[in-house]
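In what follows, a single structure is set out as structure tokens and then discussed.
Being a predicted model, the structure only gives us computed values, none of them experimental. FYI, side chains are in, hydrogens and waters are out, and symmetry mates aren't considered; it's all heavy atoms of this structure.
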Amino acid sequence: MPDITPGAKGAAITTDVVSHLANLARIALTPDEIVTLAGELGVIVDSVAKVSEVATADVPATSHPIPLVNVFRPDVAGPTLTTAEALAGAPEHDGSRFKVSAILGEEQ
């Protein structure tokens, strides 16, 4: 199998390489698809090679152009509803819990 690593001299994605990889991945490709993919994958390998030429050791790798910082608020308990306040807007309740009618014909 030919060397297809980015920046390798003579690196090329040939139809034989695409056919071999498709066979390994158990993907059925038509001859037209193999030709098309060979061209598209060749462009991708060339693009990666160009980026690899520009990337140098003195340029740190980044995922974002500006640093991301999480903003957290203190986890402090605040006022909560009483049972009566929580049940005040409920369509049905039994005084301490919400009442929900059976769904999907399930009877208890």
(request) Would you please name every residue forming a side chain to side chain contact (heavy atoms under 4.5 Å, CB included) with T15, sequence neighbours left out? (result) I34, V35, A38
(request) Could I get the full list of salt bridge (charged side-chain N to carboxylate O under 4.0 Å, His left out) partners for D75, not counting sequence neighbours? (result) none
(request) Using the side-chain contact (heavy atoms from CB on, under 4.5 Å) rule, pick out the option among V43, I44, V51 that qualifies with S47. (result) V43
(message) Once rounded to the nearest 0.5 Å, what's the spacing between atom OG of S19 and atom CD1 of I27?
(response) 11.5 Å
(message) Which residues end up grouped with F98 if you chain together Ile, Leu, Val, Met, Phe, Trp and Tyr wherever their side-chain heavy atoms are less than 4.5 Å apart?
(response) L87
(message) Going by the rule side chain to side chain contact (heavy atoms under 4.5 Å, CB included), which residues pair with K99 if we only count those two or more places apart in sequence or in a different chain?
(response) E92, D94
(message) Donor-acceptor pair, distance only, cut-off 3.5 Å: does the side chain of H93 make one with the backbone of G95?
(response) yes
(request) Only counting residues at least two apart or in another chain, list the ones meeting side chain to side chain contact (heavy atoms under 4.5 Å, CB included) with D32. (result) T30
(request) Not counting sequence neighbours, which residues clear side chain to side chain contact (heavy atoms under 4.5 Å, CB included) with T82? List them please. (result) A84, E85
(request) Give me the one residue out of L21, L37, T36 that meets side-chain contact (heavy atoms from CB on, under 4.5 Å) with L29. (result) L37
